[in-house]
Amino acid sequence: MLQRIEDIDAALVDRLQHSAFKYFLKYSNPENGLVADTSISGVPASIAAVGFGLSSYPVGVERHWISRGEAAERTVNTLRFFAEARQGEERHATGHRGFFYHFLHMDTGHRAWNSELSTIDTALLVAGILTAAQYFDREDDETETEIRELATFIYERVDWRWALNKGDTICMGWKPSSGFLRWRYHGFDEAIILYALALGSPTHPIPQSCYDAFTSSYSWMLHGEQSYLYAGPLFIHLFSHAWIDFRGIRDRPMAERNWDYFRNTQVVINVQRDYAERNPGKFVGYNRNIWGFSACDGPPPTRRMRGGRQPKVLGYAARGAPLGPDDGTIAPWAALACLPYDKQAALDGTKALLTTYPNLLLEGGFPGGFNPTVKTKRPEGWVDDRTVGIDQGLVVMTIENERSDFIWKLMRQSPVIRLGLERAGFTGGWLDGIEPEDVVRKFA
């Protein structure tokens, strides 16, 4: 008897999720919990990757890929490091005012690459810490109790008000030599989780008016007859959503349009697929099932392009659709990361990639990016020689959200997330006790 298609799909998804999870076992320092930014030897840790890793360990426990004891031990070592690491204005410290530098040396945990004290990456780290605190809830276990205590300490130490730098929105970062960066999180981007955490803080909360300022410059576009909230790179529609269940909950901009962020992401997936099908740049390989325009690495400068193309390649860039930028580079993990929002599109896209480019996977997982328009001896064209920690963590989390609502269920129970969302003005859905399944049925 032929194996059912559903079973084949489930086996594929399980294999890819497990491969993504293994990244955090292979590319982390178990002594301090730091997770390498990428799989390239010698790179520093990314604090965002640590946040995704902390959120992935509970998934690994539930999937029987790691024991609860080992996951708790990894987690407590990580939280001990961040609780005890040097906070101060000196350039080699680990953090300042409760925030942490974007990149840290894997061994010492000191600031790496002259990186900025990053507000969004600190938020992604804290989101992972709060996920761990929500999951490791056993009262009679000393390690799990310590995890919860350390999580509270680390979160309550972050001075979110300081990061406003006397403005009405949160600054993107700070450096000890030059002070605050001039850019702020203003307008739709990946920072909803940042604002939720900053609003919910019991020690250094920002005013609710800051969230209104954040949303005040939202940009809306039409896809067919549907108005949707625009942001070109796909990751913007996925990062906060990995922790926050947006089904049916609405802030003021969404309520005014009878819309929500979950359905917005569903439209964005269609926008990306339609763009790939139209392929206005005439790049090699694009079609309705091979797509994914997001922040990722790209090829170095080259004139060796297929089809007579001579596009300017962008290196690392936040590619997007439908307004670009676009240089033929695809983020191959993107379709799979869309599984909770459009299951069929995610499966079709993932299978099309693996069928068309069977040698694309790197260590069983998707590389950071590839560009089949670049002329090489392989049909994949240029392929990133690394996997990326935040990509792998996003895949682990979103697959589990599609399977069981796992991360979403944990964070729906988090008083921090609930309070932050309520202070931002979110209402409805699970915030009002309505099960997400009922919301989806209502909106269908």
Side-chain angles (χ1 to χ4, degrees), residues 9-28 30 33-39 45-68 70-72 74-75 78 121 124-132 134-136 190 193 234-235 237-245 265 292 294 296 331-341 343 346-347 349-350 353-354 361-368 386-411:
D9 289 345
L12 172 63
V13 170
D14 183 75
R15 174 166 59 86
L16 292 171
Q17 186 189 28
H18 193 187
S19 294
F21 176 78
K22 290 177 182 177
Y23 180 94
F24 299 101
L25 304 183
K26 184 173 182 179
Y27 295 105
S28 63
L34 294 179
V35 177
D37 179 45
T38 74
S39 59
S46 153
I47 61 169
V50 177
F52 278 103
L54 289 170
S55 300
S56 296
Y57 293 142
V59 176
V61 175
E62 296 300 307
R63 290 285 156 197
H64 306 292
W65 297 330
I66 187 174
S67 71
R68 188 180 180 104
E70 183 182 350
R74 282 177 167 271
T75 299
T78 307
D121 292 282
L124 297 174
L125 168 64
V126 170
I129 289 172
L130 294 177
T131 304
Q134 201 64 40
Y135 180 74
F136 292 107
E190 69 275 22
I193 186 75
L234 187 60
F235 80 94
H237 304 274
L238 301 177
F239 270 27
S240 292
H241 303 56
W243 285 277
I244 300 174
D245 184 354
T265 297
S294 192
C296 65
W333 48 266
L336 186 58
C338 291
L339 201 63
Y341 314 101
K343 184 174 183 178
L347 289 173
T350 300
L353 275 172
L354 296 178
L361 294 182
L362 182 64
E363 296 183 323
F366 285 113
R386 59 182 191 162
T387 50
V388 181
I390 57 176
D391 302 346
Q392 303 307 307
L394 183 64
V395 165
V396 172
M397 294 172 67
T398 54
I399 287 176
E400 204 56 40
N401 279 334
E402 193 281 327
R403 284 173 153 178
S404 64
D405 281 11
F406 179 65
I407 301 295
W408 286 338
K409 283 180 180 176
L410 284 176
M411 303 315 281

- Query: For Asp37, which residues count as a side chain to side chain donor-acceptor pair (under 3.5 Å) partner, sequence neighbours excluded?
  - Reply: none
- Item | Check ion pair Glu363-Lys26 (N to O, under 4.0 angstrom) | yes
- Message: Would Phe52 and Trp243 count as a ring-ring contact (aromatic ring centres under 6.0 Å, His included) here? Give the steps.
- Response: CA-CA 10 Å; Phe52 278 103; Trp243 285 277; 5.0 Å; yes
- Item | Tyr23 (side chain) donor-acceptor with Thr38 (main chain) under 3.5 angstrom | yes
- Trp408 side chain reached by Pro340 side chain, heavy atoms, under 4.5 Å: yes
- Could you check if a side-chain atom of Pro58 sits within less than 4.5 angstrom of a side-chain atom of Phe406, using non-hydrogen atoms only? yes
- Side chain proximity check, Arg403 to Glu62, heavy atoms < 4.5 angstrom: no
- Task: Provide the closest heavy-atom pair for Leu234 versus Ala334 in the form atom of the first, atom of the second, distance.
- Result: CD2-CB, 3.6 Å
- Message: For the backbone of Val61 and the side chain of Glu70, can you confirm whether one donor and one acceptor N or O come within less than 3.5 Å of each other?
- Response: no
- Query: Parallel under 30°, tilted from 30 to 60°, perpendicular over 60°: which one fits the rings of His18 and Phe21?
  - Reply: tilted
- Task: Salt-bridge test for Arg386 and Asp391: reply yes if a basic N is under 4.0 Å from a carboxylate O, no otherwise.
- Result: no
- Measure from the side-chain N and O atoms of Asp245 to the backbone N and O of Lys409, and report whether any donor-acceptor pair falls under 3.5 Å. no
